[in-house]
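First up is the structure itself, then whatever we jot down about it.
First the proteins, then the strands, lettered A, B, ... as listed; each starts at 1.
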Number of protein chains: 2
Amino acid sequence: MPATPPPRKRRKEARPSELLEAALGLFVEKGFAATRLEDVAALAGVSKGTLYLYYENKEALFKAVVQEGIVPVLAENEALAAKHVGCSFELLEILLNNWWTKIGQTAYAGITKLMVAEARNFPELAAFYYDNVISRGRALIGGALKRGMERGEFRSLDVETTVDVVIAPILMLLIWRFSMNCCQNGESDPQTYLRIHMDLLKQGLRKLEKESQV
Amino acid sequence: MPATPPPRKRRKEARPSELLEAALGLFVEKGFAATRLEDVAALAGVSKGTLYLYYENKEALFKAVVQEGIVPVLAENEALAAKHVGCSFELLEILLNNWWTKIGQTAYAGITKLMVAEARNFPELAAFYYDNVISRGRALIGGALKRGMERGEFRSLDVETTVDVVIAPILMLLIWRFSMNCCQNGESDPQTYLRIHMDLLKQGLRKLEKESQV
DNA sequence: TAACTTAATGACTTGCAAGTCATTAAGTTA
DNA sequence: TAACTTAATGACTTGCAAGTCATTAAGTTA
C-alpha cells in the first residue's frame, strides 16, 4: 500500500526562526560551503523549495543568522561600555566575559570559526561580517584600552595592535572548539584558560613605577 | 589549421616537488575542499592524470605538503630547545621567532588556517596534523614554560593551559593573514604585533616578589 | 630501426548540491 | 460548497570536480 504523506502544515510566521536555528546548527557543524540547503530545510521540517520561499539563497540565509544572533550582543556591549564608571581593567573583563557568555558558550561561537575558515572564498560574506561584527568589536575593546591608558591605569601601547593581541586568545578559544578540538584529549578547560589569559593581561598591561611616562 | 600540441616531457624526478609547490599555493589560497586537483596539475604543468600517478588522492597530496614543509621546522626547533643554556624567556623568544620566520612569513602559514578551517570535515587530516605538528609544537613551548617555572623565572601556572594562551596570538596572526585580512585596511603590522605580545608576556609571566611561592 | 616500457594525456563516468518551477493542497473568501 | 489565494512540495535542470582508464608518445633496449 502506498504510504500517505503527512499533511503539510502552513506556518508562515514560524518558518523563518526555525530555518535560522537549523541553519546555525549546520553552518557551525559543517561550514558554509559544505552545508547543504536541503539538509537545513529537512532539519527545519520543510522541503528545499520552502527554504527558497523565505531566503533568496545561501548567503542571505547566513547573513540573517548573524544579524539575528550576533549583532544584538554587540549593541548590548556598547551599552555596557557607555555606562561604565569603574576601572578600565574591570571594563575589559566585563566586555570579554559578556562576549564569552553570550557567544563563546553558545553555538554562535562556531560562526567565528566559520568566518575565519571561509572568508577568502566568500568575500561578500567576509565584508558583511567585518562591517557588522569585527569592526564594532574592535572599537569596543580599543575604547576600553584607550580609556585605561588615558587614565594612567595601563602602560601606553599602540591601541589598534594591542586590541588584536588582547582578543586573539579569546578568538582562538572559540575557534578551537569547532576545529582541531576533536583530536585533543580535553586538556585546558575554558575556565582555566580565560583566567590565565586575564591574569597575564592584568599584570602585563599594568603600568610599573620604574617605567617612563609616554 | 590544427595546433600541434607541445611535446610532452618525461621528468619523473622533478614532478613530485613541482606538484607539492603547486598544491601548497592552491591549498593556501582556496582551502582543501575548494582546491581542484585539475588546477594543481595545471599549475605544475602536467595533466590531472599525471598527478594521480604520483599521489593517490587529495589527502595523500596534502599530507606530503605538511611532511616536506612543516615537520622539518619542528625537528629544528626541538634541536634548538635541547641545546639552549640561557634564560627561559629567551628560549621562548627563540622558538616563537624561528616559527615565525620559517612558517609564519612563508606560504606554509596558510596551512595553519587551512587545518583550523577544515579539521571538522576531514578528521583524518586533522588527526595527522595533530600528531605530526600540533602535539610536537605544544610539547616544545610547554617544555620552555616548565623550565622557566622550575628555575623560578616564571610564576607557577598550569603548563598545558598556559601553552595555549601563549601560542594563541601567534596562531591568530598566521590565521588572520589568510582569512579576514582582506577587509582590514592594513592596521597592526606583524612586527609591532609580535613585539607587543612578547612585551605583555614578559611582564605577565614574571614572578613578582610580593607573590607567594607555589 | 624495430620492439618495448612506462610517463603522460584528456575524454569520460560518477556523484553531488544549488537553484527552478509546474503541481499540489491547506486554508480563506464569497 | 465552490472558487480562489498562496504556502509547500519534490522532480528536474545545470554545473562542477573527483577519480578512471584506454590511448598516445617519449625515451630505452636489443
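- Pair assignment for C:dA26 gives D:dT5, based on Watson-Crick or G-U wobble hydrogen-bonding distances that are each under 3.5 Å.
- For the OP1/OP2 pair of C:dA8 and a distance below 4.0 Å, the side-chain nitrogens and oxygens of B:Y54 include at least one atom meeting the criterion.
- The distance between atom CG of B:N121 and atom P of C:dA17, rounded to the nearest whole Å, is 12 Å.
- Look at A:T50 and you won't find any side-chain N or O under 4.0 angstrom from OP1 or OP2 of D:dA7.
- Among C:dG19, D:dG10, D:dA18, the nucleotide with an atom closest to any side-chain atom of A:L37 is C:dG19.
- Note on B:K58: a side-chain N or O is less than 4.0 Å away from OP1 or OP2 of D:dA18.
- Within the 4.0 Å cut-off from OP1 or OP2 of C:dA8, at least one side-chain nitrogen or oxygen of B:R15 is found.
- Shown here, D:dT20 forms a base pair with C:dA11; the pair counts as Watson-Crick or G-U wobble because both key distances fall under 3.5 Å.
- B:Y52 places its OH atom 18 Å from the C1' atom of C:dA7, with the value rounded to the nearest Å.
- A residue-by-residue look at A:L51 and B:N57 shows that A:L51 has its nearest nucleotide of DNA chain D further toward the 5' end.
- Taking atom CG on A:D39 and atom P on C:dA17, their separation rounds to 8 Å, with Å as the unit.
- The nearest whole Å value for the distance from the CZ atom in A:R11 to the C1' atom in D:dA7 is 12 Å.
- Residue whose closest nucleotide on DNA chain C sits further toward the 5' end, between A:R36 and A:E56: A:R36.
- A side-chain donor from one of A:D189 and A:T192 sits under 3.5 Å from a side-chain acceptor of the other.
- Residue A:E38 is the one, among A:G49 and A:E38, whose nearest nucleotide of DNA chain C lies closer to the 5' end (criterion: closest heavy atom).
- Listed pair B:K48 / C:dG10 fails the phosphate criterion, with no side-chain N or O lying under 4.0 Å from OP1 or OP2.
- Relative to the ring axis of A:Y108, A:K102 does not place its NZ or CZ within 45° and under 6.0 Å from the centre.
- With C:dT9, D:dA7, C:dT20 as the candidates, the nucleotide lying closest to the side chain of A:L53 is D:dA7.
- Salt bridge annotation for A:D39-A:K30: absent, with no cationic side-chain nitrogen under 4.0 angstrom from a carboxylate oxygen.
- With salt bridges taken as basic N to acidic carboxylate O contacts below 4.0 Å, none links B:K63 and B:E56.
- Rounding to the nearest 0.5 Å gives a distance of 5.5 Å between CG of A:L92 and CZ of A:F154.
- Between D:dG27 and B:R10, no contact under 4.0 Å exists linking OP1 or OP2 to a side-chain N or O.
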